Amino acid sequence: MTQIRVLIANRPRLIRELIAETISDQPDIEIVGNVEEESELASAVERTLPDFLIVALGKQNQLPAACHSILQKHPDMKVIAIAADRNSSMFYWASLRVQSNEIEASETGVLNALRGKTEPSERLQ
């Protein structure tokens with residue numbers, strides 16, 4: 001079975017730990033690292049080459065700025081951005097342009113996005 005490689009870079013630490021706890025017992029998902037500071041994000045992606053990056057969702061459901069250049073450099077990687085304080089999460093991926101899709105703000109929503117069970121939308125960032 002091919003493992004889904006996940007790098008977690010969400011703030012605060014409690015949210016990072018809750019996300020890790022939520023997905024760590026999934027047999028098809030491997031957590032390849034945790035990032036505490038956004039400044040470490042690009043180097044952590046280079047080092048771990050994850051399939052998915054889980055980050056904190058910015059205000060107005062914006063993809064964190066650092067993710068734009070990371071998605072351009074790693075177009076096969078996907079990003080799940082979570083805002084626990086707003087009970088909101090988004091799924092981002094790159095093609096010819098960065099795209100996004102709102103996902104259910106729950107364990108099921110995150111696991112479905114990790115497993116490719118989301119429907120793309122035409123909304124652009």
Side-chain angles (χ1 to χ4, degrees):
M1 171 189 326
T2 301
Q3 293 284 300
I4 300 167
R5 298 172 50 81
V6 177
L7 177 63
I8 301 172
N10 204 306
R11 293 187 71 160
R13 186 186 77 178
L14 176 60
I15 301 302
R16 238 184 5 263
E17 290 173 354
L18 289 171
I19 292 167
E21 180 66 29
T22 297
I23 63 177
S24 65
D25 63 348
Q26 301 297 313
D28 57 335
I29 298 173
E30 174 188 7
I31 298 173
V32 296
N34 284 282
V35 177
E36 293 181 21
E37 299 297 328
E38 189 174 327
S39 62
E40 302 169 359
L41 196 53
S43 63
V45 168
E46 289 294 324
R47 190 174 56 256
T48 62
L49 298 174
D51 299 309
F52 283 86
L53 171 62
I54 299 179
V55 297
L57 184 60
K59 296 189 185 326
Q60 279 77 45
N61 291 349
Q62 294 286 324
L63 178 66
C67 291
H68 287 282
S69 60
I70 291 171
L71 280 172
Q72 287 176 348
K73 193 168 185 179
H74 301 278
D76 293 332
M77 187 185 72
K78 295 171 181 65
V79 177
I80 295 176
I82 298 172
D85 62 330
R86 296 189 308 273
N87 195 27
S88 180
S89 54
M90 297 292 290
F91 177 48
Y92 297 91
W93 63 97
S95 59
L96 296 178
R97 60 185 185 246
V98 175
Q99 303 176 47
S100 69
N101 191 19
E102 191 167 354
I103 60 174
E104 181 181 331
S106 68
E107 176 180 346
T108 300
V110 170
L111 291 174
N112 283 343
L114 288 170
R115 293 182 174 122
K117 297 180 181 177
T118 63
E119 296 296 320
S121 68
E122 291 300 317
R123 187 167 43 146
L124 302 176
Q125 295 297 314

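The shown structure was predicted, so the numbers you read here are calculated from the model rather than taken from an experiment.
Considering every non-hydrogen atom in both Val32 and Leu7, the closest pair reads CG2-N, 4.0 Å. Ser89 and Ala105 make their closest contact through OG-CA, 3.5 Å (heavy atoms, listed as atom of the first residue, atom of the second, distance). Closest approach of Leu71 and Met77 over heavy atoms only: CD2-O, 3.3 Å.
Within the structure, every pair that satisfies the salt bridge (charged side-chain N to carboxylate O under 4.0 Å, His left out) test and touches residues 12-25, not counting sequence neighbours, is listed here: Arg13-Glu17. A side-chain hydrogen bond (donor to acceptor under 3.5 Å, both in side chains) check over residues 47-57, counting only residues at least two apart or in different chains, returns nothing. Counting only residues at least two apart or in different chains, salt bridge (charged side-chain N to carboxylate O under 4.0 Å, His left out) contacts with residues 68-83 comprise Glu46-Lys73.
Side chains of Ile103 and Met90 form no contact here, defined as non-hydrogen atoms less than 4.5 Å apart. Put simply, the side chain of Ile29 reaches to within 4.5 Å of the side chain of Leu111, judged on heavy atoms.
For Asn112, there are no side chain to side chain donor-acceptor pair (under 3.5 Å) partners two or more places apart in sequence or in a different chain. Every salt bridge (Lys or Arg N to Asp or Glu O under 4.0 Å) that Glu30 has, sequence neighbours left out, goes to Arg5. Under the rule for a side chain to side chain contact (heavy atoms under 4.5 Å, CB included), the partners of Ala42 that lie at least two apart in sequence or sit in another chain are Ile70. Checked against side chain to side chain contact (heavy atoms under 4.5 Å, CB included), Leu49 has the following partners two or more places apart in sequence or in another chain: His74. For Ser88, the side chain to side chain donor-acceptor pair (under 3.5 Å) test picks out Asn61, with sequence neighbours left out. Applying the side chain to side chain contact (heavy atoms under 4.5 Å, CB included) test to Ala81 and every residue at least two apart in sequence or in another chain returns Val55, Leu57, Tyr92. Annotation: side chain to side chain contact (heavy atoms under 4.5 Å, CB included) contacts of Ala56 (sequence neighbours excluded): Asn10. Legend: residues meeting side chain to side chain donor-acceptor pair (under 3.5 Å) with Glu104, ordered by chain and number and at least two apart, are Ser106.
Here the straight-line distance linking atom CD1 of Ile8 with atom CD1 of Ile15 works out to 11.5 Å at 0.5 Å rounding. Separating the OG1 atom in Thr2 from the CG atom in Asp28 is a distance of 10.0 Å, to the nearest 0.5 Å. Here Ile54 contributes atom CD1 and Leu114 contributes atom CG; the two are 5.0 Å apart, rounded to the nearest 0.5 Å. The line from CD1 of Ile23 to CG of Leu18 is 11.5 Å long, rounded to the nearest 0.5 Å.
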- request: Apply side chain to side chain contact (heavy atoms under 4.5 Å, CB included) to Ile4 and Phe52, showing your working.
  value: CA-CA 8 Å; Ile4 300 167; Phe52 283 86; 3.6 Å; yes
- request: Begin from the C-alpha positions of Leu53 and Ile80 and carry the test side chain to side chain contact (heavy atoms under 4.5 Å, CB included) through to its verdict.
  value: CA-CA 6 Å; Leu53 171 62; Ile80 295 176; over 6 Å; no
task: Would you sort out whether Val110 and Ile82 count as a side chain to side chain contact (heavy atoms under 4.5 Å, CB included), showing the intermediate values?
output: CA-CA 9 Å; Val110 170; Ile82 298 172; 3.8 Å; yes
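At least one donor-acceptor pair under 3.5 Å links the side chain of Gln3 to the backbone N or O of Pro27.
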